[in-house]
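Order of the sequence lines fixes the chain letters, A, B, ..., with proteins taken first and strands second; residue numbering starts at 1 for each chain.
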There are 2 protein chains.
Amino acid sequence: MKTVQGLCVLFMLNLCFLDSGRTGKVLVWPMDFSHWINLKVILEELHLRGHEITILVPSPSLMMDHTKIPFNVEVLQLSVTKEVLMEEFNTDLYSVIFELPRLSWWEMLTKLAEMNERFFRTLKRVCDSAITNKELLSRLQAAKFDICISDPLSFCGELLAELLNIPFIYSFRFSEGNVIERLCGGLPTPSSYVPGSTTGLTDNMTFVQRLENWLFYTMNDMMFLYFLFPEWDDYYSQLISHVLHRTKIGSLRIFLENWIVKYFPLTLSLLFSLQELEEFVQSSGKDGVVVFTLGSMIQNLTEEKSSMIASALAQIPQKVLWRYTGKKPDTLGPNTQLYDWIPQNDLLGHPQTRAFITHCGTNGIYEAIYHGVPMVGIPVFGDQFGNIARVKAKGAAVEVDLHAMTTSDLLNALKTVINNPSYKENAMRLSRIHHDQPMKPLDRAVFWIEFVMCHKGAKHLRPASYDLTWYQYRSLDVIGFLLACVATIMFLVTKCCLFCCWKFGKTGKKKKRE
Amino acid sequence: MKTVQGLCVLFMLNLCFLDSGRTGKVLVWPMDFSHWINLKVILEELHLRGHEITILVPSPSLMMDHTKIPFNVEVLQLSVTKEVLMEEFNTDLYSVIFELPRLSWWEMLTKLAEMNERFFRTLKRVCDSAITNKELLSRLQAAKFDICISDPLSFCGELLAELLNIPFIYSFRFSEGNVIERLCGGLPTPSSYVPGSTTGLTDNMTFVQRLENWLFYTMNDMMFLYFLFPEWDDYYSQLISHVLHRTKIGSLRIFLENWIVKYFPLTLSLLFSLQELEEFVQSSGKDGVVVFTLGSMIQNLTEEKSSMIASALAQIPQKVLWRYTGKKPDTLGPNTQLYDWIPQNDLLGHPQTRAFITHCGTNGIYEAIYHGVPMVGIPVFGDQFGNIARVKAKGAAVEVDLHAMTTSDLLNALKTVINNPSYKENAMRLSRIHHDQPMKPLDRAVFWIEFVMCHKGAKHLRPASYDLTWYQYRSLDVIGFLLACVATIMFLVTKCCLFCCWKFGKTGKKKKRE
């Protein structure tokens, strides 16, 4: 009897192991700003669990300080300095936020194409610095990594994984309905109820909104499939002609493994270390505080805009902690303090916090949901419009338009989310749902990374849709064939009928004549 | 400082709770045979964790013995006896297996419609016995259940949940691409790579196979949406006219919650209690044993078929444990033992087991995968064709056709899976993948049941696609509108051109004349 039970227990423990146990060697191709904040949490956890992490950091990184990263770091030397890159980046960001909305449709497209060009040139420089560095490549080859974790927005990670012949994983969830998830992750996302991430639509759409969403999907698909991917395909082909002459980047991503880690940054490890900050928060008394940040990318606003915002903030009874590095606005009230940096997650978890004014980045939104804090959203670009649309639909946020808003708009929005109890209730309901998970999100992320490492790329997770063309995937060839069959049959039947009528008519006429 | 940390810890534990803690009252609307075997494991676990289970069991149940069920049982008294039902059931099953394949297409459809009619009549009898029993209903109402767990194949569970105004959950995963999952679970399953469960196709299809699968989807959708659901809708409407005059059963299912528990029956709790069985298994020596069952529904075969099978089994060096209650075949070899019942899961986990001959039910297939045992599949009906197709595609099984097979076919299939090491290797690979899960499947099933209970139906999990018609879901109205726009523009442009040509021609002619 013992044998059977013993065997069963053995099988229960029969997890997949690498030669080195469940831990392995992880190569990381990161992305800057909030993507880095997000990924760092997972890498730290992997590091804690004994994985060996090696990260490729471009020398002019804006938020990734390679002297402070606690993993193996390979610095990619670029000729451009951090200052030049930051200048370029800030100019572009300023354009996106303040200039683009005022341009005509055609000017906007031209401007966007220009920026895209510049962004891609930088990405290519970074990619070049890694791929053309033979010495680095052979060092990486010798290290025998088990996996490459890559950010899909930055490209090149998949090329590196291909060159080193190791599985890779994407560390990034843009948003439902986004083109990268559809084309590279193989997620079936019907445009009829999965809104594109930058459209600001929800899952409950009118006919016109569904039309808008369908056009958005189609245009994005075409842009990626016919412009962006082929451009990168060409670029990749130049670097490793022997492999990529035959494949598009779309299919390169397909050969390798894609697992988009749906990650919620719920770290509670940050310690609330600023005594001064805590005193300010406690001094707010029963009115509490409002936390206000526009994320890691936006350093400053126009003077006009910041004054307008400051005068709204000055009129609420709450104290305000505003992360802002621009010029101090003249209208700043005594209740508002400016900071270069704030421990955002800890402040959102503080019992004195009444509301969060946010640019609607994914990280901030999830932290606010986690702590059940109602929001005033000021989306600036990208998926931020979609993020706030979702929270608004659940009744936990009010949105204001960065360009059109007046002092009273912001003031009213703040008063609404603070004084109308339904916003706090809805935020708390979202928080309860968000907490009620079968395992901690960080554990889940780590599990699936180890899983893909351990199962050598976990090819069985790859959906068969990768082998289909877009029209096969949508069964258009099947439907076309069936329509052609129906048309042929109808044509033949009509011809037969006509022929019969004609024959019958002729016979009839003949008979008549006789 | 303490406040913030304290609060965070509080939030970490802030799971959703019912008034009675995380446990609650569960009402169960079960289904017989393998569905019951499967659900019982989850119910036992819920019971162990302190949930109060009440199950509605029809008096003539075939496998659910209400005297032995360790939960609260409400027996639904039916006029039909177990013996009559069993007789009826066996006749139908025999027809499905042995008669249907020989009939013409039209005769088969007529026969199937007849059987369906009979099956539905039985289901309606069961439903009637519950819904028309005012005394039972008020007792159930008074009990204040937190959830109703229901089998989607049996109908009526959702009606009961509607009447009692409680959330419900489906306990059943038929197979990917099945109509119930698509129409009632809201799963997006493109027919281009998700094979219908009874088609026996895999995710890698040729054009003709995709055509077949598309037709299978379309015919199933039409059958359910235009025949089966409306029939049940009418029946429901008669029982509770005030609610269901307005809604189709499709939308009733939609109002309530659907969560299809993808459940793997990995119980290790069954003890290997038959000493005699163990002795027989051990006596097989280095050749080992083969386990053979055709599931809970099939009691016997034709004499010809069983003789043919027995003579194949007699020719292998392994010992064979055959669960079979029919007449002992004349050709039965000394290496083969017949049993009324075998502890299937424990036998599959026995180190002496070399192969599993199976009718390809979901439970058996998962148990064999769990223990890494290669299979010879003899699919009989329903999803069994799809189940074996999947395992065959992974190289862990050989399929033989129940109707066409000869002694040597079965013999060769057995020799192949036992002697060709690739089958064992592939089965072990599947087993490793199957074991490598972040949490035990039973824990996962229980977690999500508690989750839906706790969040009062968890309405936020309901996909927005439920509110769309089939053509809206597929964006056909959007595409139609765009095509109409294009056609209109082309028509207008053509007309304009023609008008200009005509005008120009006229002016030209005029000029010529002048």
Side-chain angles (χ1 to χ4, degrees), chain A residues 1 3-5 7-9 11-12 14-16 188-193 202-205 207 210-211 214-215 268 271-272 275 278 346 349-351 370-372 394 431-433 435-436 438-439 443-444 447-448 451 454-455 458 460 463-465 467-468 472-475 477-479 481-482, chain B residues 1 3-5 7-9 11-12 14-16 188-193 202-204 207 210-211 214-215 268 271-273 275 278 346 349-351 370-372 394 431-433 435-436 438-439 443-444 447-448 451 454-455 458 460 463-465 467-468 472-475 477-479 481-482:
Chain A
M1 297 302 100
T3 345
V4 175
Q5 287 298 311
L7 193 83
C8 289
V9 172
F11 265 108
M12 280 294 285
N14 183 18
L15 281 174
C16 161
T189 50
S191 71
S192 52
Y193 73 100
T202 69
D203 57 357
N204 187 4
M205 291 181 261
F207 174 79
R210 284 193 292 110
L211 178 68
W214 189 90
L215 288 171
L268 295 169
L271 280 172
F272 201 31
Q275 187 67 36
E278 172 70 5
D346 291 279
H350 200 290
Y370 185 83
H371 296 295
K394 304 281 179 193
S431 173
R432 273 193 302 277
I433 291 171
H435 279 77
D436 202 354
M439 63 191 293
D443 290 338
R444 199 162 61 224
F447 174 86
W448 286 113
F451 183 93
C454 219
H455 293 278
H460 64 280
S465 54
D467 300 326
L468 301 173
Q472 286 175 330
Y473 176 79
R474 288 167 180 77
S475 295
D477 53 345
V478 165
I479 295 168
F481 173 77
L482 287 172
Chain B
M1 295 303 97
T3 346
V4 176
Q5 287 298 310
L7 192 83
C8 289
V9 172
F11 266 108
M12 281 293 286
N14 183 17
L15 281 175
C16 161
T189 50
S191 71
S192 52
Y193 73 99
T202 69
D203 57 356
N204 187 3
F207 174 79
R210 285 193 292 108
L211 178 67
W214 189 90
L215 289 171
L268 294 170
L271 281 171
F272 201 30
S273 58
Q275 188 67 35
E278 172 70 6
D346 291 279
H350 200 288
Y370 185 84
H371 295 296
K394 304 281 178 192
S431 173
R432 272 193 301 276
I433 291 171
H435 279 77
D436 203 354
M439 63 191 293
D443 290 338
R444 199 162 61 224
F447 175 86
W448 287 112
F451 183 91
C454 220
H455 294 277
H460 64 280
S465 55
D467 301 326
L468 301 173
Q472 286 174 331
Y473 177 79
R474 289 166 179 78
S475 295
D477 53 346
V478 165
I479 295 168
F481 173 77
L482 287 172

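Note that OH of B/Y473 is 5.5 Å distant from OG of B/S465, once rounded to the nearest 0.5 Å.
Heavy atoms closer than 4.5 Å to chain B are found in the side chain of A/P190, but not in its backbone. Of the atoms belonging to A/L215, it is side-chain heavy atoms, and not backbone ones, that fall under 4.5 Å from chain B.
When A/D443, A/N204, A/L468, A/T202 are compared by the number of non-hydrogen pairs under 4.5 Å with chain B, A/L468 comes out ahead.
Not counting sequence neighbours, the partners of B/S191 by the side-chain contact (heavy atoms from CB on, under 4.5 Å) test are A/S475, B/N213, B/W214, B/Y217. B/F481 is linked by a side-chain contact (heavy atoms from CB on, under 4.5 Å) to A/F207, A/L211, B/C485, counting only residues two or more places apart in sequence or in another chain.
Note on ring orientation: taking the six-membered ring where Trp is involved, the planes of A/H455 and A/H460 are perpendicular (angle over 60°, cut-offs 30° and 60°).
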